[in-house]
J.: 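Sharing a structure with you now.
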Amino acid sequence: MKNYIIIILLLSCFVRFAAFGGDIVGKIKAKGAPNAGNTVIYIDKIEGKTFKPPAKALLMDQKDLTFYPHVLPVLVGTKVEFLNSDNVLHNVFSPDECTGKFNLGSWPKGQKRNFTFNKPCVAVMLCNVHPEMEAWVLAVETPYYTVTDKNGNYTINDVPAGTYTLRVWNEKLKADNVKVTVPDKGNVTQDFLIKK
Ligand SMILES: [Cu+2]
């Protein structure tokens, strides 16, 4: 019995060491746009690793004829619930292949319909009723993603130590991928310039 306890203690130490790492932090500057908000920064793939999607669905609201949030990154396999908070009917659909070109139809205020993003995907969300409505869902293959604040600052928390390809997505602007190395302990800073 004692041996088991020692083994479990040793294993838990190992797991802790293996999980060590830090945050990836930085600032995105935009050339050709008023700001670098709503930019997604993510590690798109880690060879040999898959991640379990969250049990809880994420929410995209439709309020005042606008989707909230405008940009929603999710882990592949995540269910997104589309809430209608307006008195009018909307009709959410996506024209993108990676979503199977879904069309959720229309539903009344206070109700939700959902879609599960089972493939890596950059998908635009549109409304058949209101052509000005537009939002984006990015389904990525790791849980290491974030969206910039309106000043372009970002933090991806608790990334295990290792070297990764960091990608940037913005609906209008681009940046090259960058390799980053998260040390065993501490943060790594990576800034980007996004442009046309
Ligand atoms: Cu609408």
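As the structure lists them, so they are numbered: ligands from 1, and atoms in each ligand from 1. Note that these values count all heavy atoms, side chains included, but never hydrogens, waters or copies made by symmetry.
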J.: Applying side-chain hydrogen bond (donor to acceptor under 3.5 Å, both in side chains), run through D61 and S85 and close with a yes or a no.
T.: CA-CA 7 Å; D61 197 2; S85 293; 2.7 Å; yes

J.: Anything protein N/O/S under 2.8 Å from the Cu ion (ligand 1)? Just list residue and atom, please.
T.: H90 ND1, C127 SG, H130 ND1, M133 SD

J.: What's the separation between atom OG1 in T39 and atom CG in N153, rounded to the nearest 0.5 Å?
T.: 11.5 Å

J.: Please write out which residues are connected to L83 in a hydrophobic cluster, directly or through intermediates, given that two of Ile, Leu, Val, Met, Phe, Trp, Tyr count as joined at side-chain heavy-atom separations below 4.5 angstrom.
T.: L59

J.: Give the ring-plane orientation class for Y154 versus F192, where under 30° counts as parallel, over 60° as perpendicular and anything between as tilted.
T.: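 Because their plane-to-plane angle lies in the 30° to 60° range, the rings of Y154 and F192 count as tilted.
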
J.: Keeping to residues at least two apart or across chains, list the salt bridge (charged side-chain N to carboxylate O under 4.0 Å, His left out) pairs with something in residues 39-48.
T.: D44-R167, K45-E141

J.: Name all residues meeting the side chain to side chain donor-acceptor pair (under 3.5 Å) criterion together with E171; count only those two or more places apart in sequence or in a different chain, and write none if there are none.
T.: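 Once residues adjacent in sequence are excluded, the partners of E171 under the side chain to side chain donor-acceptor pair (under 3.5 Å) criterion are H70, W136.
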
